[in-house]
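One is the number of the first residue; the rest follow in order along the sequence.
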Amino acid sequence: MIAEPRRRQILALVWNNEMAAGEIAAQSDVSFGAVSQHLSVLRGAGFVTVRPEGNRRLYLADKDRLGPLRQVLEAMWSNALHDLADTIASDRRSEKAQG
């Protein structure tokens with residue numbers, strides 16, 4: 001379930017901010033329908049909550065229900081951010097050396 005990369009991406013998007021399925025789809029490389037299906041699976045597992053607001057449904061990660069997976073996901077995302085920062089710093093050093 002969480003091994004599916006798009007579900008982890010969705011969880012990352014709704015980790016701290018409520019988002020509608022359309023907003024999630026706009027930041028993804030899959031269709032609105034695919035995002036809706038992934039959200040349905042995540043809701044069924046209890047990993048996201050949904051709150052109706054007018055004609056929209058807002059999704060938010062339920063960190064407490066994720067249990068030990070919470071630390072794994074946070075560590076994974078933290079490592080990815082550190083790797084990105086290292087890559088950017090390396091690229092800048094290369095540009096300065098060339099320029």
Side-chain angles (χ1 to χ4, degrees):
M1 162 160 336
I2 297 298
E4 213 293 327
R6 287 183 183 92
R7 292 188 191 133
R8 288 194 312 267
Q9 178 189 21
I10 289 169
L11 279 173
L13 289 171
V14 299
W15 197 251
N16 291 313
N17 300 302
E18 288 182 314
M19 294 181 77
E23 295 168 319
I24 296 167
Q27 296 188 37
S28 180
D29 62 348
V30 297
S31 69
F32 176 84
V35 166
S36 292
Q37 288 178 335
H38 287 303
L39 285 168
S40 178
V41 171
L42 291 169
R43 279 185 54 217
F47 294 160
V48 296
T49 59
V50 62
R51 180 178 65 84
E53 183 179 87
N55 64 349
R56 299 180 340 145
R57 298 168 62 124
L58 300 174
Y59 296 88
L60 181 66
D62 189 339
K63 297 173 189 175
D64 293 332
R65 293 283 307 265
L66 282 161
L69 286 175
R70 177 181 179 168
Q71 288 87 14
V72 172
L73 291 169
E74 287 176 337
M76 180 178 51
W77 294 328
S78 177
N79 289 339
L81 288 175
H82 289 296
D83 291 346
L84 177 61
D86 289 346
T87 299
I88 291 169
S90 176
D91 287 350
R92 286 185 179 159
R93 285 191 299 272
S94 294
E95 288 174 0
K96 285 182 181 179
Q98 294 175 0

J.: If we only count heavy atoms from C-beta on, is the Arg7 to Leu42 side-chain gap below 4.5 Å?
T.: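 Side-chain contact under 4.5 Å: yes.
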J.: For the atom pair CD (Glu4) and CG (Leu11), what is the distance rounded to the nearest 0.5 Å?
T.: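 The CG atom of Leu11 is 11.0 Å from CD of Glu4, to the nearest 0.5 Å.
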J.: Which heavy atom of Gly46 sits nearest to which heavy atom of Asp62, and what is that distance?
T.: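 Minimum heavy-atom separation between Gly46 and Asp62: O-CB, 3.7 Å.
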J.: By the salt bridge (Lys or Arg N to Asp or Glu O under 4.0 Å) test, which pairs, at least two apart or in different chains, include something from residues 25-35?
T.: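 Counting only pairs at least two positions apart or across chains, the salt bridge (Lys or Arg N to Asp or Glu O under 4.0 Å) contacts touching residues 25-35 are Arg6-Asp29.
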J.: Tell me, do Gln9 and His38 make a side-chain contact under 4.5 Å, heavy atoms counted?
T.: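 In short, these two side chains do not touch, never coming nearer than 4.5 Å.
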J.: Does any N or O in the side chain of Ser36 come within less than 3.5 Å of the main-chain N or O of Phe32, such that one atom is a donor and the other an acceptor?
T.: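 Checked: pair present.
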J.: If you take all heavy atoms of Leu58 and Ala20, which pair is closest and at what distance?
T.: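 What the structure gives for the nearest pair is CD2-N, 3.7 Å.
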J.: Would you check, one step at a time, whether the test side chain to side chain contact (heavy atoms under 4.5 Å, CB included) holds for Glu18 with Glu53?
T.: CA-CA 11 Å; Glu18 288 182 314; Glu53 183 179 87; 5.6 Å; no
J.: With rounding to the nearest 0.5 angstrom, report the CG to CG distance, Leu13 to Leu60.
T.: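 These two atoms lie 12.0 Å from each other.
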J.: Under a 4.5 Å cut-off applied to non-hydrogen side-chain atoms, are Asn16 and Lys63 in contact?
T.: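 They are in contact (side-chain heavy atoms under 4.5 Å apart), so the answer is yes.
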J.: Might you point out which heavy atoms bring Val50 and Tyr59 nearest each other, and give the distance in Å?
T.: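 Residues Val50 and Tyr59, closest heavy atoms: CG2-CE2, 3.7 Å.
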